[in-house]
Amino acid sequence: MKKNVRVRFAPSPTGPLHIGGVRTALYNYLFAKKHGGKFILRIEDTDRNRFVEGAKEYIEESLEWCGIKIDESTNAGGNFGPYIQSERKDIYKKYINELIESGNAYYAFDTSDELDTLRKQYELEKKVFVYNSETRKRLKNSLTLSKEEVNTKLTNENFVVRFKIPENEQLIMNDVIRGEILINTNTLDDKILFKSDGMPTYHLANIIDDHLMEISHVIRGEEWLPSMPLHVLLYKAFGWENNMPEFAHLPLLLKPTGNGKLSKRDGDKLGFPVFPLFWKAPNGDTASGYKENGYFPDAFINFLSLLGWNSGTEQEIFSMEELIQAFSLEKVNKSGARFDHDKAKWFNNQYLQKKSDLELANLFSEELKEKGISSNIGYITEIVSLIKERAGFVNELWSQSFFFFEKPTEYDKKIIKKRWKEGIGEKLKNIVLIIDNLSNFSRDNIHDSVIKYIEDNELNMGQIMNSMRVSLVGSASGPDLFRIIELLGKQETIDRINIAIEKVNK
RNA sequence: GGCCCGUUCGUCUAGUGGACUAGGACGCCAGGUUUUCAUCCUGGAAACAGGGGUUCAAUGCCCCUACGGGCUACCA
């Protein structure tokens with residue numbers, strides 16, 4: 001890599017950042033860090049109508065939660081600011097004039113209504129209206145009108161500035177991921193570069209900013225591929241083609257089933273979050289996030305990194321540092337990736353299993369506090385070590401271990417019917433006696449004593465064990481029964497069995 | 001409709017002309033472990049979109065078809 005690597009993530013603040021955007025940011029970040037470069041956050045808010053309060057902050061918070069560190073932005077600073085396009089209006093004005101003077105752009109006075117009518121007319125004739133080298137000769141613009149007319153209109157009317165697409169040129173472009181892309185400029189239309197409200201469109205602002213901010217690689221979603229020719233042509237028109245950035249168009253994230261790409265509007269409709277963090281829109285609408293759903297940021301990032309990229313090895317679990325080391329644009333796939341929620345869950349489970357018991361106990365302890373339960377961290381750590389392999393998320397820890405903190409309020413009816421046979425109460429009473437007489441209350445000792453009682457009296461193992469379990473935890477499933485007894489303690493165990501005998505036999 | 005991009009198990013993917021009896025992972029199924037459920041272990045089913053070329057040889061290169069995706073706004 002000869003030049004300094006500088007990449008940007010350039011979302012527009014029209015709402016929360018969705019996971020496709022997070023992945024784009026991630027790939028930019030990984031690429032930058034791999035090559036010792038800078039990761040820049042630029043806010044593209046040239047469409048004031050779609051601006052949503054809080055979106056910019058949401059984007060910044062999301063990247064932070066993900067562990068994606070911003071080198072330059074409004075908050076992080078940097079020498080190439082401002083990093084928000086609405087504050088760069090004057091810059092764009094200067095450059096659009098340059099383009100008009102060089103004959104690469106022109107004023108157009110057609111109203112939206114006029115163009116709409118035209119489009120409809122064409123449609124009736126089964127043709128498609130394109131503002132191009134052919135039609136612009138018949139429309140109201142500075143190429144067809146006299147100087148005087150143009151000047152009058154410029155002062156009295158709304159106008160836009162359009163790019164004058166060169167006629168019949170074969171463009172050969174290169175994409176790092178897709179290779180050569182060929183297109184004839186006759187298929188392109190004279191896109192608007194400057195809107196009547198005095199703001200540039202995305203295309204203009206994007207090229208100017210990327211140039212001024214010395215962006216070396218444009219890594220963005222595939223939805224931008226069709227506008228790549230326009231962008232390349234703009235670089236040429238400005239005379240910047242010699243230090244044009246390299247382009248890499250990422251495959252899109254697709255819906256798990258059905259058609260189309262994953263979009264913000266999918267919200268929670270698909271049965272999983274599409275946003276990193278919880279979002280509340282100014283109008284009150286809310287959408288859930290991965291964070292609040294119990295995902296660890298490193299698991300979330302690991303999962304996302306593999307949607308469209310693969311290291312070429314069989315490794316699947318990557319820390320951020322490992323991702324940076326392994327990442328390369330050449331190994332990014334070309335085709336869209338369907339989102340798979342099951343695999344996301346699996347990743348979180350993997351990360352949860354890797355965490356230490358103490359770390360999980362601290363997280364669990366916070367949840368317990370919210371439920372009004374406070375317990376000492378040593379006890380919680382013991383419980384966590386017993387149940388963590390049964391959970392995929394921190395928020396599943398409670399359902400696996402609630403019985404350590406409160407007595408069961410009901411007993412699984414199916415198990416009672418199947419296992420709580422005639423006379424079981426008497427046998428459980430004997431077990432209570434055995435337990436009560438234990439001086440060494442260790443798991444193994446409890447185990448040996450109870451098993452000995454069952455064997456000596458030739459009792460049904462399943463019946464006794466399940467009856468004990470249901471008495472203590474309310475259901476037939478759970479971790480090792482004797483560890484539960486050990487952790488509950490002698491008195492609590494005895495109480496619970498006695499309560500069960502009384503309640504069930506009634 | 002037009003333009004552009006893509007197509008390996010259900011899903012994410014490995015594969016860069018001979019190493020392919022096409023590998024891994026998720027999910028699924030079966031067996032084992034377990035007092036139980038979960039975990040865990042072992043095993044299994046499961047794919048090169050179709051058709052033409054090029055080549056001694058094609059998952060891989062070329063062409064066509066089909067299918068999927070994106071774009072086609074004074075949105076980004």
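Below, read A as the first sequence line, B as the second, and so on, with proteins coming before strands; counting in each chain starts at 1.
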Measuring centre to centre across the rings, with the benzene-like ring taken for any Trp, is [X] within less than 6.0 Å of [Y]?
X      : Y      : value
A:Y202 : A:W224 : yes
A:Y27  : A:W309 : no
A:F296 : A:Y351 : no
A:F300 : A:F347 : no
A:F194 : A:F163 : no

Which listed nucleotide ([options]) is nearest to the side chain of [X]?
X      : options             : value
A:R119 : B:C12, B:A73, B:U11 : B:A73
A:S12  : B:A76, B:G69, B:A14 : B:A76
A:M461 : B:U35, B:A76, B:G27 : B:U35
A:L225 : B:C26, B:G6, B:C4   : B:C4
A:T201 : B:A76, B:G24, B:C5  : B:A76
A:S335 : B:A76, B:A25, B:U8  : B:U8
A:D340 : B:G6, B:C75, B:C26  : B:C26
A:W224 : B:G24, B:G70, B:A76 : B:A76
A:K334 : B:A76, B:U39, B:G6  : B:G6
A:D480 : B:U35, B:C74, B:C5  : B:U35

Taking only side-chain nitrogens and oxygens of [X], does any of them come within less than 4.0 Å of OP1 or OP2 of [N]?
X      : N     : value
A:K345 : B:A25 : no
A:N158 : B:C74 : no
A:N333 : B:A14 : yes
A:K343 : B:U13 : no
A:T46  : B:A76 : yes
A:K261 : B:C71 : yes

Rounded off to whole Å, could you give me the [atom1]-to-[atom2] distance for the [X] and [N] pair?
X      : N     : atom1 : atom2 : value
A:N186 : B:G2  : CG    : C1'   : 13 Å
A:N302 : B:U13 : CG    : P     : 14 Å
A:I84  : B:A76 : CD1   : P     : 14 Å
A:E180 : B:C4  : CD    : P     : 14 Å
A:R443 : B:U34 : CZ    : P     : 13 Å
A:D189 : B:A73 : CG    : C1'   : 10 Å
A:H341 : B:A25 : NE2   : P     : 22 Å
A:E125 : B:G2  : CD    : C1'   : 16 Å

At 4.0 Å (heavy atoms only), tell me whether [X] reaches a base, stays on the sugar-phosphate, or touches nothing.
X      : result
A:S196 : base
A:K414 : nothing
A:G221 : nothing
A:D412 : nothing
A:P251 : nothing
A:A337 : sugar-phosphate
A:L306 : sugar-phosphate

Task: A:E60 and A:K56 ion-paired at < 4.0 Å - done: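 Counted as a salt bridge, because a side-chain N and a carboxylate O are separated by less than 4.0 Å.
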Open item on the list: Salt bridge or not between A:K334 and A:E222? Use side-chain N to carboxylate O under 4.0 Å.
Closed with: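 Result for this pair is no, no salt bridge flagged.
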Does [X] make a side-chain donor-acceptor contact with the base of [N], cut-off 3.5 Å?
X      : N     : value
A:T187 : B:C3  : no
A:R469 : B:U36 : yes
A:R338 : B:C12 : no

TODO: Please state whether the rings of A:H341 and A:Y295 are parallel, tilted or perpendicular, taking 30° and 60° as the class boundaries.
DONE: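 Taking A:Y295 first and then A:H341, their aromatic rings sit tilted (interplane angle of 30° to 60°).
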